[in-house]
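Notes to accompany the following structure.
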Amino acid sequence: QYRTAASGAPDLIRAIVCTPRLRGLHLAAFNLANELLAQGNRGVQELFLAQLQGDAGFLIALRRQIAAVTGEVTAEFKRRRRMNLQGRIHLDQRLTSLLEFIQQMCEGHFAEVKDLLREQPKSKATVNLLRDLVEALQALCKHKNRLVAMDVCTTTQLLDTLCETTQGPCRGN
């Protein structure tokens, strides 16, 4: 895992995720990131941390993807309610993989990443992904019927990610 990551995989993943026209590759990029981060590999986490610290654009791209999927779900729920349709809303797998990526980055009580997800003191632009995740959860669960219609795997991953970002000695989160 570390050798692949050290050969530039985090930079490639960041470049793909930050390029909207490559949206079709975002799921594969997040899946690769999750495989590299599996088992709480601290060396790989540090390589990804360098990408997050060095480019606020990466955090902004993550924020945009969370907001886009949340907006798509809200629109789909309204459409279904208007048409009186039932059944689960199956979300784009991208959100689940993105959430897993954030969770994997925080594994092992990696406080630097947890703090960085909330604020970037060295950057001109501040992105609070934790607030974005909470707002996504609020939007997705706004009404009891919406929560029932949600994809259980994605909702569970969102809750697991929020738990991981706040666990341990991370008072700010």
Side-chain angles (χ1 to χ4, degrees), residues 13-14 16-34 37 48-49 51-52 55-107 110-111 113-121 123-168 170-173:
I13 291 165
R14 179 195 48 77
I16 291 170
V17 170
C18 289
T19 307
R21 72 176 186 276
L22 297 178
R23 183 176 181 213
L25 296 176
H26 291 180
L27 176 59
F30 285 126
N31 287 342
L32 174 58
N34 292 331
L37 289 162
F48 275 105
L49 174 62
Q51 291 296 321
L52 291 169
D55 184 7
F58 196 10
L59 291 166
I60 291 167
L62 296 177
R63 167 186 266 173
R64 285 184 182 144
Q65 290 198 26
I66 292 166
V69 174
T70 302
E72 290 166 14
V73 169
T74 300
E76 176 63 14
F77 183 77
K78 287 177 182 177
R79 184 187 74 80
R80 286 175 175 227
R81 192 171 59 198
R82 246 188 349 264
M83 299 177 76
N84 203 22
L85 298 173
Q86 301 294 316
R88 297 232 180 269
I89 297 173
H90 297 285
L91 298 176
D92 184 332
Q93 188 62 32
R94 222 175 359 129
L95 180 60
T96 305
S97 286
L98 182 156
L99 293 169
E100 185 180 343
F101 168 69
I102 294 170
Q103 179 184 0
Q104 293 273 9
M105 285 294 300
C106 295
E107 287 290 344
F110 198 1
V113 171
K114 292 179 181 188
D115 290 338
L116 188 70
L117 292 174
R118 183 185 66 254
E119 60 187 357
Q120 304 80 46
S123 179
K124 292 177 185 175
T126 297
V127 176
N128 187 337
L129 276 183
L130 294 175
R131 184 178 55 228
D132 295 336
L133 292 174
V134 170
E135 288 173 1
L137 182 62
Q138 289 172 331
L140 298 176
C141 301
K142 188 173 184 177
H143 303 288
K144 184 177 88 172
N145 292 342
R146 189 178 299 181
L147 181 58
V148 169
M150 289 300 301
D151 180 329
V152 175
C153 292
T154 302
T155 305
T156 301
Q157 183 61 60
L158 178 53
L159 291 168
D160 287 346
T161 300
L162 283 168
C163 285
E164 188 61 42
T165 60
T166 57
Q167 281 180 346
C170 193
R171 297 188 194 281
N173 293 353

Checklist line | side-chain contact (heavy atoms from CB on, under 4.5 Å) between V17 and Q65, worked out | finding: CA-CA 9 Å; V17 170; Q65 290 198 26; 3.8 Å; yes
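Here L52 contributes atom CG and M105 contributes atom CE; the two are 5.0 Å apart, rounded to the nearest 0.5 Å. We find the CD-CZ distance between Q51 and R14 to be 5.0 Å, quoted to the nearest 0.5 Å. Rounded to the nearest 0.5 angstrom, Q93 CD and H26 NE2 are separated by 15.5 Å. Rounding to the nearest 0.5 angstrom, the gap separating the CG atom in L32 from the CG atom in L27 is 11.5 Å. The distance from atom CG of L158 to atom OG1 of T154, rounded to the nearest 0.5 Å, is 9.0 Å. In this structure, the separation between CG on L130 and OG1 on T165 is 4.5 Å, given to the nearest 0.5 Å.
Pairing each heavy atom of Q120 with each of R118, the nearest pair is NE2-C, 4.1 Å. Scanning both residues, G57 and C18, for their nearest heavy atoms gives O-SG, 3.6 Å. When all heavy atoms of A139 and T70 are compared, the pair lying nearest together is CB-CG2, 3.5 Å.
No side-chain N or O of E100 forms a donor-acceptor pair with one of T96 less than 3.5 Å apart.
Side-chain contact between L99 and L133 is present, with at least one heavy-atom pair separated by less than 4.5 Å. With a 4.5 Å cut-off on side-chain heavy atoms, L159 and T156 do not count as touching. Between L117 and C106 the shortest side-chain heavy-atom distance falls below 4.5 Å. The side-chain heavy atoms of L62 and F30, taken from C-beta on, include a pair separated by under 4.5 Å. No side-chain heavy atom of I66 sits less than 4.5 Å from a side-chain heavy atom of R63.
No donor-acceptor pair under 3.5 Å is formed between the side chain of N34 and the backbone N or O of Q104. In this structure, the side chain of S123 engages the main chain of A125 through a donor-acceptor pair within 3.5 Å.
Taking the six-membered ring where the residue is Trp, F48 and F101 present perpendicular rings, their angle passing 60° and hence far from 30°.
For residues 156-167, the set of pairs meeting the salt bridge (Lys or Arg N to Asp or Glu O under 4.0 Å) definition, not counting sequence neighbours, is empty.
Residues forming a salt bridge (charged side-chain N to carboxylate O under 4.0 Å, His left out) with R64 (at least two apart in sequence, or on another chain): none.
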